[in-house]
Enquirer: 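Below: one structure in structure tokens.
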2 protein chains.
Amino acid sequence: MGISKIDKMQNLSKNQQIIFDLIDKSSEPLKAYTILFNVQKKGIKAPLQVYRALDKLVEIGKIHKIESRNAFIACHNSSCQVAKATAFSICEICEKVTEISSAGLSKYLANFKDKDGMKYSKYNLEFFGLCKKCR
Amino acid sequence: MGISKIDKMQNLSKNQQIIFDLIDKSSEPLKAYTILFNVQKKGIKAPLQVYRALDKLVEIGKIHKIESRNAFIACHNSSCQVAKATAFSICEICEKVTEISSAGLSKYLANFKDKDGMKYSKYNLEFFGLCKKCR
DNA sequence: TAACACTATGTAATAATATAACATTTATAA
DNA sequence: TTATAAATGTTATATTATTACATAGTGTTA
């Protein structure tokens, strides 16, 4: 009668919950020190407390890191299996980031084989361009 | 009788050439401060000198930044149009990075449209897994 | 319950990555 | 040649991330 991994994913610790809530309600990706500044009133004082929570949230797939921006957004895509398959579009003017949810794309990438016939279990894809507003 | 952009790409400045040579002959991606350490004997003393050369080399497509690793490798792929379309495989154990050269993949991604029918002019894709040696 | 393993937290210090600001020099084009 | 753009040199500082060590909570199981 163990607790499954799925169940565990829903029981965030105190710091994890505070930081997830902040990221989840944000309309844009947040940087670690922006997060730190915003949660200091809740008792989280040190960078490490933020980075530890971020690491865990990324690990369980609740948030993703936008590598080219060193920033974090909440996952809104049920099909990215625990952070293993992520794709984003990034506007180079306003910096708006949107998670891409495309069955075709994820299928294509999950099945992609390199020259040696090797498949990869995990990927991150970042598209760049101009969003509707900024065109 | 102007000099074309292609020609310009081959005339690197002194610092750019020193830093490109180092990256080009490296068997692994190099980090900015590793580069700095290695070119100090050649008179490049400050981080900014390195970052400026790196920025330029990325811009003209001679090198690429591996975003998830904050490291740089030389481009060995004639088909990545001036750094606008890059794909890499990264071994999560030995950290070996290989640039992927796949006409199918680049065609698929160059033509990918999101839900709004929008195409993107630029992308970076990083695959993660275990390389042959580390399996 | 007691002992254990595991996860999370708190705190200080510091490492690693990257940019701002300003002065000067070199290369290129008109 | 003169204007312009590109590159360099230098100092200081901003931003991002980790090491090391001590403590506390949570769940498991003997």
Side-chain angles (χ1 to χ4, degrees), chain A residues 1-23 28-73 95, chain B residues 1-23 28-73 95:
Chain A
M1 268 290 181
I3 294 177
S4 79
K5 202 156 191 182
I6 298 291
D7 291 334
K8 270 189 190 165
M9 283 169 57
Q10 290 161 353
N11 289 326
L12 300 179
S13 74
K14 179 170 138 282
N15 288 0
Q16 289 159 16
Q17 189 70 57
I18 289 168
I19 286 171
F20 175 72
D21 287 346
L22 183 71
I23 296 170
E28 59 185 6
L30 296 179
K31 294 179 160 251
Y33 278 71
T34 303
I35 292 167
L36 176 57
F37 179 81
N38 279 283
V39 297
Q40 279 179 331
K41 63 190 77 115
K42 306 221 170 176
I44 295 175
K45 294 175 199 161
L48 190 49
Q49 293 174 292
V50 173
Y51 281 105
R52 283 197 285 223
L54 289 173
D55 285 350
K56 190 68 184 183
L57 291 167
V58 166
E59 184 191 327
I60 65 181
K62 299 282 285 181
I63 66 172
H64 303 302
K65 182 173 188 180
I66 310 302
E67 293 287 356
S68 65
R69 299 299 186 263
N70 298 318
F72 300 84
I73 65 170
E95 292 292 326
Chain B
M1 267 292 181
I3 295 177
S4 78
K5 203 157 191 180
I6 297 293
D7 292 331
K8 270 190 190 165
M9 285 169 56
Q10 291 161 354
N11 290 325
L12 300 179
S13 74
K14 179 170 137 282
N15 288 359
Q16 290 160 15
Q17 189 69 58
I18 290 168
I19 286 170
F20 175 71
D21 287 345
L22 183 71
I23 296 170
E28 60 186 7
L30 296 179
K31 294 176 160 254
Y33 278 73
T34 303
I35 293 166
L36 176 58
F37 179 80
N38 279 283
V39 297
Q40 280 180 331
K41 62 190 78 113
K42 306 220 171 175
I44 295 174
K45 294 175 198 159
L48 192 49
Q49 295 174 291
V50 172
Y51 281 106
R52 284 197 286 223
L54 289 173
D55 285 351
K56 190 68 184 185
L57 291 167
V58 166
E59 185 191 326
I60 65 180
K62 299 281 287 182
I63 65 172
H64 302 304
K65 182 173 187 180
I66 311 301
E67 293 286 356
S68 66
R69 299 298 186 262
N70 299 317
F72 300 84
I73 66 171
E95 291 292 326

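In the text below, chain A, chain B and the rest are named by the order of the sequence lines, each starting its count at 1. Values reported hereafter were calculated over all heavy atoms of this structure, with side chains retained and with hydrogens, waters and symmetry mates removed. This structure is a prediction, so every number in the text was calculated from the model and none was measured.
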Enquirer: List in chain and number order the residues that pass salt bridge (charged side-chain N to carboxylate O under 4.0 Å, His left out) with Lys56(A), two or more places apart in sequence or in another chain; answer none if no residue qualifies.
Expert: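 By the salt bridge (charged side-chain N to carboxylate O under 4.0 Å, His left out) rule, Lys56(A) matches Glu59(A).
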Enquirer: Without decimals, in angstroms, what is the distance between Glu67(B) CD and dA18(C) C1'?
Expert: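 Going from Glu67(B) (CD) to dA18(C) (C1'), I get 13 Å.
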Enquirer: Could you give the side-chain donor-acceptor pairs of residues 45-53 of chain B under 3.5 Å, partners two or more places apart or in another chain?
Expert:
from     : atom 1 : to       : atom 2 : distance (Å)
Gln49(B) : OE1    : Lys45(B) : N      : 2.9
Gln49(B) : OE1    : Ala46(B) : N      : 2.9

Enquirer: So, taking the atom named CG in Asn15(A) and the one named CG in Leu54(A), what distance separates them when rounded to the nearest 0.5 Å?
Expert: 11.0 Å
Enquirer: Could you list the residues that satisfy side chain to side chain contact (heavy atoms under 4.5 Å, CB included) with Ser68(A), not counting sequence neighbours?
Expert: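 Ser68(A) satisfies side chain to side chain contact (heavy atoms under 4.5 Å, CB included) with Ile66(A), Ile90(A), Glu126(A), Phe128(A), Glu67(B) once adjacent residues are dropped.
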Enquirer: Return the value, rounded to whole Å, for the distance between atom CG of Leu54(B) and atom C1' of dT19(C).
Expert: 14 Å
Enquirer: Distance check needed: dA18(C) C1' versus Ile35(B) CD1, whole Å only.
Expert: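 Rounded to the whole Å, the gap is 13 Å.
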Enquirer: Reading nucleotides 8-20 of chain D 5' to 3', which nucleotides get B (base under 4.0 Å from a protein heavy atom), which S (sugar-phosphate only), which -?
Expert: BBBB----BBBBB
Enquirer: How sharply is the helix from dT1(C)-dA30(D) to dA30(C)-dT1(D) bent, taking the axes over five pairs at either end and rounding to 10 degrees?
Expert: 40°
Enquirer: What residues, two or more places apart in sequence or in another chain, satisfy side-chain hydrogen bond (donor to acceptor under 3.5 Å, both in side chains) together with Asp55(B)?
Expert: none
Enquirer: Atom NZ of Lys42(A) and atom P of dT9(C): how far apart are they, to the nearest Å?
Expert: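 Value for this atom pair: 15 Å.
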Enquirer: Quick one: do Leu12(A) and Ile19(A) satisfy side-chain contact (heavy atoms from CB on, under 4.5 Å)? Show the steps, please.
Expert: CA-CA 10 Å; Leu12(A) 300 179; Ile19(A) 286 171; over 6 Å; no
Enquirer: With the side chain counted from C-beta on, respond yes when Ile73(A) and Glu28(A) share a heavy-atom pair under 4.5 Å apart, and no when they do not.
Expert: no
Enquirer: Just to verify, what does Glu95(A) make a side-chain hydrogen bond (donor to acceptor under 3.5 Å, both in side chains) with, not counting sequence neighbours?
Expert: Arg69(A)
Enquirer: In whole angstroms, how far is the P atom of dT19(C) from the CG atom of Leu36(B)?
Expert: 15 Å
